[in-house]
Peer 1: 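Structure provided below as structure tokens; questions to follow.
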Amino acid sequence: MALYSEKVMDHFTNPRNVGKLDDADGIGEVGNAKCGDIMKIYIKVRDNIIVDVKFNTFGCGSAIASSSMATEMIKGKPISEALELTNKAVAEALDGLPAHKLHCSVLAEEAIRAAIKDYYDKNGIAYDKAQFPDPHDEEEEHAHNDED
Amino acid sequence: MAKTVYVDNAATTAMSDTAIAAMTPYLKEVYGNPSSLHTVGQVAKEALDDARTKIAAIIGANPKEIYFTSGGSEADNQAIRSAAYAGLAKGKKHIISTAFEHHAVLHTLKKLEKEGFEVTYLDVHSHGNITAQEVEAAIRPDTALVTVMYANNEVGSVLPIREIGEVCRAKKVVFHTDAVQAVGHIPVNVVEDNIDMMSVSAHKFHGPKGVGFLYCRNGVQLKNLIEGGAQERNRRAGTENIAGVSAMAAALKEAVENLDNNMKKEAALRDRLIAGLKKIPHSKLNGDTVNRLPGNVNMCFEGIEGESLLLLLDAKGICASSGSACTSGSLDPSHVLLSLGLPHEVAHGSLRLSLSEYNTEDEIDYIIAEVPKVVEYLRSISPVWESLEKGEKPHLI
Ligand SMILES: Cc1ncc(COP(=O)(O)O)c(C=O)c1O
């Protein structure tokens, strides 16, 4: 199908790291079912390294593929590196996403940040609040189409 | 890839052999322009007249009441604008329609609203239908037009067109119906159904894409959208698509000759499919369950999103469609599903399977076997489903 790159289709049909972690150290959930995508990311942390990561996603092909790719990109990486992951890097690693699907990669970035923040909060680890701006309101960001 | 099971016939159909055979002479030997005086042109003109006569007879019209167009969208645009401006000339600026019309109708109405028309969009209720009484109650002295679709393209509801037409006739209001999903699929007769204007598209009944027609009853004003030559009795300029028109006539003839059998066959397949898919927990059939196109199945599955469902079905060779936002390029699910009052999160998980007489029982059983697996898988990775199952959120369906 020409809508998506082969990479997207690969990560969509064979998603990596799909599932849950019952003993997760941090959980991040972002998105909005009303808008059609929710991502939930679970991380396990040892010595500041993300030793395991899993995701559950409700959403379209690119949302599932973005979750899969993003989790691959942070697995085994120090938290500091995971925090640097951008939506652009996720989209590029997937060989691009259609313009109207770019918000899926944004959600992946936000879900990872939310999971790390949750880990910090649960473990009383101090952090710079500025590093974790509130995930933007999805509904506002993508003003619902007023077809003209 | 597995075999292809095409169940997206409301989007478009495969051309029939009959239609292709009817088309080819006009691509090769009979290439004339029907406006030309010479023999080559006049042969083409005969073909055009012949197609018009055939089509008119099938829908109960006079050949002079058939205007060939580029398809359903153009016919909708022309009919609605014609009636609106004809009304305006008499000081009438009110139009009645429904909330779940095709965009060819809705977007035309939106434009007219910007030009100062007032449009009443009748609620189609959770069951996806309206009554003639509701139309009657909405008619005002300044109502210029009632435009109500014959059958809905997404959820398959068949509307009470004959009764609505009767009300409009009694109240002397022009009545247009978008019959794109009805003609060739269920019995339609413009006289018995009290229709003033009707839009039809060939590619929904195994004809070619890019051709259709507008029926406009003698005496009802029709304005042209496309200026130019005198084709179509001065109402639609442009050298006629004779190959397309001939194929449309042949496809329509074939469709109505087999109408009873096709309807029976499709309805049996449809009911088998619905019965099979209804076994999926937290699923729902959308649209009118009684007055329904014989080929339409539209279901919602809670906790999943339609585009991922479509892609996974496509990988199994099943070609379907969805009203999810992600398939439309907008963030809102289809206006049709929302018009039924479905919550956004439920509408995102919709699946439309639209059948034709080409489908087989084996194909239906294949779909019944595969869809539950895909739904179950997507639910297994869905945080929405998880919170529904844990009772954190109530099931909506
Ligand atoms: C109900 C309805 N009206 C209008 C159209 C537009 O027809 P066409 O594709 O021929 O422009 C369609 C199909 O797309 C339809 O289903």
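As the structure is a prediction and not an experimental result, all values here were calculated from the model. The chains referred to below are lettered A, B, ... by the order of the sequence lines, with proteins before strands, and numbering in each begins at 1.
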Peer 1: If you check every heavy atom in residues 384-397 of chain B against those of chain A, which residues fall under 4.5 Å?
Peer 2: B/Val384, B/Glu386
Peer 1: Under 4.5 Å, heavy atom to heavy atom: which of residues 61-75 of chain A reach chain B? Give them by number, or say none.
Peer 2: A/Gly61, A/Ser62, A/Ile64
Peer 1: Which heavy-atom pair separates B/Glu305 from A/Phe58 by the least distance, and what is that distance?
Peer 2: N-CE1, 3.7 Å
Peer 1: Out of curiosity, B/Glu307 CD to A/Leu3 CG, how far, rounded to the nearest 0.5 Å?
Peer 2: 6.0 Å
Peer 1: What part of B/Ile304 gets closer than 4.5 Å to chain A, counting heavy atoms only: side chain, backbone, both or neither?
Peer 2: backbone
Peer 1: Quick check on side chain to side chain contact (heavy atoms under 4.5 Å, CB included): which of B/Ser382, B/Ser380, B/Pro383 does A/Asn56 satisfy it with?
Peer 2: B/Pro383
Peer 1: Given heavy-atom pairs under 4.5 angstrom as the criterion, report whether the side chain, backbone, both or neither of A/Lys20 touches chain B.
Peer 2: side chain
Peer 1: Determine whether more than 12 heavy atoms belonging to other residues, nucleotides or ligands lie under 6.0 Å from atom CD of A/Gln131.
Peer 2: yes
Peer 1: Under a 3.5 Å distance rule, please check whether B/His348 uses its side chain to pair with a backbone N or O of A/Lys34 as donor and acceptor.
Peer 2: yes
Peer 1: CG of B/Leu311 to OG1 of A/Thr13: how many Å apart, nearest 0.5 Å?
Peer 2: 9.5 Å
Peer 1: Within a radius of less than 6.0 Å around NZ of A/Lys122, do more than 12 heavy atoms belonging to other residues, nucleotides or ligands occur?
Peer 2: yes
Peer 1: Under 6.0 Å from the CG atom of A/Asp22, do we count more than 12 heavy atoms belonging to anything else shown?
Peer 2: no
Peer 1: For A/Asp23, look at atom CG and say whether over 12 heavy atoms of other residues, nucleotides or ligands are found less than 6.0 Å away.
Peer 2: yes
Peer 1: Can you confirm whether B/Ile381 sits close enough to A/Lys54 that some side-chain heavy atom of one is under 4.5 Å from a side-chain heavy atom of the other?
Peer 2: no
